[in-house]
Amino acid sequence: MSAKFQSVRGMRDVLPDEVATWQHVEQVVRDVLSAYAYKEVRLPVVEVAELFTHAIGDATDVVSKEMYTFADRSGEQLSLRPEGTAGCVRAVIQNGLVHRGGPGHKLWYQGPMFRYEKPQRGRYRCFNQIGAEVYGFPGPGVDAELVCLCARIWRLLGLEGIRLEVNTLATRDTRDTYRAVLLDYFQANADQLDADSQVRLEKNVLRILDSKNPEMRDLIEQAPALIDYLDTESEQHFGQFCELLDTAGVAYTVNPRLVRGLDYYSRTVFEFITESLGAQGTICGGGRYDYLVEQQGGPPTPAVGFSMGLERIVELVSLKTPVSGVQPHVYVVARGEVAVSAAFGLCERLRDELPWLRIEQNAGGGSFKAQFKRADRSGASFAMVIGEGEVQQQLVSLKSLRTDDEQAQVAMDALSKELNTLRAQSRL
RNA sequence: GUGGGCGUAGCUCAGUUGGUUAGAGCACCGGAUUGUGGCUUCGGAGGUCGGGGGUUCGAGACCCCUCGCUCACCCCA
């Protein structure tokens, strides 16, 4: 029970039973990204620590208390990436992919992210995201495209009851103006703020709007809304974004209090939320970050992206439609030294001749009875029996494990043909 | 980081107010059937009762500490 070594807190193993669902989800997401002509990039898991503090904002929770940061042997401060956008922006600048319409303008990535948080359902210290980022396009079309792309993924995965919330954070200037107004408002009502929001007052006023504390609901609803302070440019951008969603038939609600926790967002932000996963209901979040590329040392380049949490999506999928794993077509039962060795050679030959064939050899010996038991449990359609008699006559016995068909004998030379036939008849 | 619940076999869980050698089901291995799975049936193996300390004649049970899981806050995907 008490193993000597355990996985690190908040980091879990995905076991074979779950992997089938993971692969299914990943395949659907990849296919949809391809359908929208996004190209995959593979990025390092480790970056210079400053990349994240600079991009995400050192007052954010993610940077100030959730990063895995360490000095490497040269003393350089490195971090395990807590999210994907900062590294992608770095790669895009470093490799000169920022030019509009160039090869790097629509990208996606997949991989583990790390945050030192207290684990709970749907929240892990090592978790996997698939994200997409678009560079070089200021218009709302790409914002809407990303949202539609996600909505398509949920449809293809058969997920229902996923709510889309959208908002706009306007331009940097507008937001600065608004922040000052909001600060005045909450400072004037500071006595009504709960402890968390007192802290937010110092760090990031906008986050007060996000509070779940029902006692503060009135105060928040009375607060000035950013939407009333929008500059015309942002207002148009957001309006067109919403219109495109309408055109595409993607349902959404505007949530003026949707703020998001990373500093780099501007204009469009969105979240897909489910009620089926407990407190960690956001399965995908994203938005526009028009200033980040320039802030990180690249040419001024508007950008927008999202990332989705695979653990949460996989859990959602498996609650609804469990995906069964891959089972062998044939399980090879062999007994006796001569037969086992003949079976080994035969299996390799069949894999040469029939690349589609999934064939499992019995391992660990055992009686025919025991081997048949394993054959049954493997889920294989057929048991292929090779004993001394079969070897002498250069044939195998094929027994269907899922039907009452009579056991048949097939010459070893004719096996490939027979298996092809069975496949054509959908009996494998 | 804060708070609640829970840790007994690979898994799901019993275990009386503290009392002898800690149990069941499923799964696993073997036999009944010396070359045939699923359904039976019989047997076997498998536990430092999460870890450490304490109270006691005696602790799986009570107390303290610790680790882990879990749910919520917070944060976010």
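Since the structure is predicted, the reported quantities are computational estimates derived from the model, not experimental observations. Below, read A as the first sequence line, B as the second, and so on, with proteins coming before strands; counting in each chain starts at 1.
With both ends at atom P, the span from B:rG10 to B:rG51 equals 13 Å, rounded to whole Å. For the P atoms, the distance from B:rA22 to B:rC26 is 23 Å, rounded to whole Å. The gap from the P atom of B:rC74 to that of B:rU17 amounts to 40 Å, rounded to the nearest Å. Taking atom P in both B:rU70 and B:rU8, one finds a spacing of 14 Å when rounded to whole Å. Across the P atoms, B:rA14 and B:rG53 are found 28 Å apart, a figure rounded to whole Å. Nucleotides B:rG3 and B:rA9 place their P atoms 29 Å apart, quoted to the nearest Å. Of the P atoms belonging to B:rG15 and B:rG37, the separation is 39 Å, rounded to the nearest Å. Taking atom C1' on both B:rU20 and B:rU33, the two are 42 Å apart, rounded to the nearest angstrom.
Nucleic acid contact for A:Gly131: none, since no nucleic acid atom lies under 4.0 Å from a heavy atom of the residue. Nucleic acid contact for A:Gln407: base, since at least one base atom lies under 4.0 Å from a heavy atom of the residue. If you check every strand for non-hydrogen atoms under 4.0 Å, A:Arg200 touches sugar and phosphate atoms only. Counting any heavy atom pair closer than 4.0 Å across all strands shown, A:Arg115 reaches a base atom. Across all strands, A:Arg121 comes closer than 4.0 Å only to sugar-phosphate atoms, never to a base (heavy-atom distances). A:Glu388 comes within 4.0 angstrom of a base, heavy atoms only. A:Ala383 comes within contact range of no nucleotide atom at all, as no heavy-atom separation falls under 4.0 Å. At the heavy-atom level, A:Val385 lies under 4.0 Å from base atoms of the strands shown. Using a 4.0 Å heavy-atom distance criterion, A:Arg123 is classed as a base contact. Nucleic acid contact for A:Gly10: sugar-phosphate only, since backbone atoms but no base atoms lie under 4.0 Å from a heavy atom of the residue. Counting non-hydrogen atoms under 4.0 angstrom, A:Ile283 reaches the backbone sugars and phosphates but no base.
Computed from coordinates, the A:Ile56 CD1 to B:rC76 P distance equals 11 Å when rounded to whole Å. Residue A:Tyr124 contributes atom OH, which lies 15 Å from atom C1' of B:rG68 at whole-angstrom precision. At whole-Å resolution of the value, CG in A:Leu310 and P in B:rA77 are 13 Å apart. Summarising the geometry, the separation between CD on A:Glu66 and C1' on B:rC74 is reported as 9 Å, rounded to the nearest angstrom. One can place CE of A:Met308 at 12 Å from P of B:rA77, the figure rounded to the nearest angstrom. Here B:rA77 presents its C1' atom at 12 Å from CZ of A:Phe270, a figure rounded to the nearest Å. Summarising the geometry, the separation between NZ on A:Lys373 and C1' on B:rA32 is reported as 12 Å, rounded to the nearest angstrom. In this structure, the CH2 atom of A:Trp22 is 11 Å from the C1' atom of B:rA77, given to the nearest Å.
Remark: ring of A:Phe372 stacked against base of B:rU36; centroid gap under 5.5 Å, plane tilt under 30°.
Nearest to the side-chain atoms of A:Glu117 among the listed nucleotides B:rC73, B:rC75, B:rG31 stands B:rC75. Relative to the side chain of A:Arg312, the nucleotides B:rG38, B:rA77, B:rG35 differ in distance, and B:rA77 lies closest. Closest to the A:Arg260 side chain, of the nucleotides B:rA77, B:rG31, B:rG37, is B:rA77. For A:Cys284, the side-chain atoms get nearest to B:rA77 when compared with the rest of B:rC73, B:rG35, B:rA77. Residue A:Ala370 places its side chain closer to B:rG30 than to any other of B:rA32, B:rC73, B:rG30.
Judged by closest nucleotide on RNA chain B, A:Met11 is the one of A:Glu311 and A:Met11 placed further toward the 5' end. Across the interface with RNA chain B, nearest-nucleotide mapping of A:Glu390 and A:Thr282 shows A:Glu390 to be the residue nearer the 5′ end.
If you check the side chains of A:Thr168 and A:Thr268, you find no donor sitting under 3.5 Å from an acceptor.
A:Lys106 pairs with exactly one of A:Glu40, A:Glu133, A:Glu145 by the salt bridge (Lys or Arg N to Asp or Glu O under 4.0 Å) rule, that one being A:Glu145.
In this structure, the side chain of A:Asn204 engages the main chain of A:Leu206 through a donor-acceptor pair within 3.5 Å. Looking only at distances, a side-chain donor or acceptor of A:Arg374 sits under 3.5 Å from a matching main-chain atom of A:Ala363. Between the side chain of A:Gln371 and the main chain of A:Gly366, a donor-acceptor pair closer than 3.5 Å is present. Counting only distance, with no hydrogens or angles, the side chain of A:Ser318 and the backbone of A:Val314 share a donor-acceptor pair below 3.5 Å. The backbone N or O of A:Arg200 lies less than 3.5 Å from no partner atom in the side chain of A:Ser197, so there is not a single donor-acceptor pair.
Within the model, atoms CD of A:Glu26 and CD1 of A:Ile313 stand 10.5 Å from one another, a figure rounded to the nearest 0.5 Å.
Taking only distance into account, the side chain of A:Lys399 meets the base of B:rU36 through a donor-acceptor pair shorter than 3.5 Å. A:Arg374 contributes no side-chain N or O that forms a donor-acceptor pair with the base of B:rC28 under 3.5 Å. Side-chain atoms of A:Lys118 come within donor-acceptor range of the base of B:rU2, with a qualifying N/O pair under 3.5 Å.
For the pair A:Tyr109/A:Ile130, no side-chain contact is recorded, criterion being any heavy-atom separation below 4.5 Å from C-beta on.
Dashed line: the shortest gap from a side-chain N or O of A:Arg207 to OP1 or OP2 of B:rC76 is under 4.0 Å. At B:rC28, one or more side-chain N or O atoms of A:Arg377 fall inside 4.0 Å of OP1 or OP2 (strictly under the cut-off). Within the 4.0 Å cut-off from OP1 or OP2 of B:rC69, not a single side-chain nitrogen or oxygen of A:Arg12 is found. Close to B:rC76, at under 4.0 Å from its OP1 or OP2, lies no side-chain N or O of A:Gln280.
Annotation: cation-pi geometry satisfied between A:Lys399 and A:Phe372 (NZ/CZ under 6.0 angstrom from ring centroid, within 45° of ring axis). Relative to the ring axis of A:Tyr265, A:Arg288 does not place its NZ or CZ within 45° and under 6.0 Å from the centre.
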Open item on the list: Show me the dot-bracket string of RNA chain B, counting Watson-Crick or G-U pairs under 3.5 Å, with | for pairs to another strand and [ ] for crossing ones.
Closed with: (((((((..((((.....[...)))).(((((.......))))).....(((((..]....))))))))))))....
